Amino acid sequence: MFSYPVMLADKILRGTEKLNGTQIVSMTIIGILVVFFALLLLVMFLYCSGSIFKKAAKGTKKDAPKKEAPKTATPKAPAPAAKAAVPKAAALASAAEDDAEVIAVIMAAISAMGAAEGKQYQLRSVRQVTRGGSGRSVWAQAGVLDATRPF
């Protein structure tokens with residue numbers, strides 16, 4: 001359109017050259033097109049890099065070996081006198097033995113509670129308590145409720 005666009009831009013910036021209406025509209029449209037084209041390139045780059053990272057994450061998850069929790073049989077509740085005989089070697093046990101030890105302690109507490117009332121309780125299963133949908137502990141949920149309470 002112009003033979004010397006750099007010289008024309010310099011004249012426009014100095015105020016010695018005035019633009020007519022069609023030049024103003026065409027420069028505005030070109031500017032808007034450049035901005036949207038740059039945004040389109042940015043969106044395409046982010047989309048492609050996101051799909052690359054998802055594929056890489058899927059590949060590492062498949063390659064990683066799955067860990068299974070050791071399955072321990074839950075024995076029946078021991079007598080209250082049996083809980084006093086805890087060997088010292090149990091303190092040096094591995095993680096699976098630690099789980100069994102925790103179960104034994106829970107069973108001993110239930111048995112002691114039942115013996116105090118004259119009843120006999122039996123532990124049928126032990127499982128971890130899952131938190132609510134938020135994934136926060138009860139204390140964290142109480143803090144959030146306290147902090148966001150309306151005036």
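What you are looking at is a predicted structure, and each value in this text was computed from that prediction instead of being measured.
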Novice: Does atom CE (Met113) have a neighbourhood of more than 12 heavy atoms from anything else shown, all under 6.0 Å?
Specialist: yes
Novice: Spell out, yes or no, whether Leu46 and Leu40 are grouped together once hydrophobic residues are joined by side-chain heavy atoms under 4.5 Å, including indirect joins.
Specialist: no
Novice: Report the residue from Val35, Ile30, Ile29 that forms a side-chain contact (heavy atoms from CB on, under 4.5 Å) with Leu33.
Specialist: Ile29
Novice: Under the 3.5 angstrom rule, does the side chain of Gln23 hit a backbone N or O of Asn20 as a donor-acceptor pair?
Specialist: yes
Novice: Evaluate Leu39 against Val43 for side-chain contact (heavy atoms from CB on, under 4.5 Å), listing each step before the verdict.
Specialist: CA-CA 6 Å; Leu39 288 174; Val43 167; 5.5 Å; no
Novice: Give a yes or no on whether Val105 and Tyr121 share a hydrophobic cluster (residues Ile, Leu, Val, Met, Phe, Trp, Tyr; joining criterion: side-chain heavy atoms under 4.5 Å apart).
Specialist: no
Novice: Is it the case that one hydrophobic cluster holds both Tyr47 and Phe53, taking links as side-chain heavy atoms less than 4.5 Å apart, direct or via other members?
Specialist: no
Novice: So, taking the atom named CD1 in Ile106 and the one named OG in Ser111, what distance separates them when rounded to the nearest 0.5 Å?
Specialist: 13.5 Å
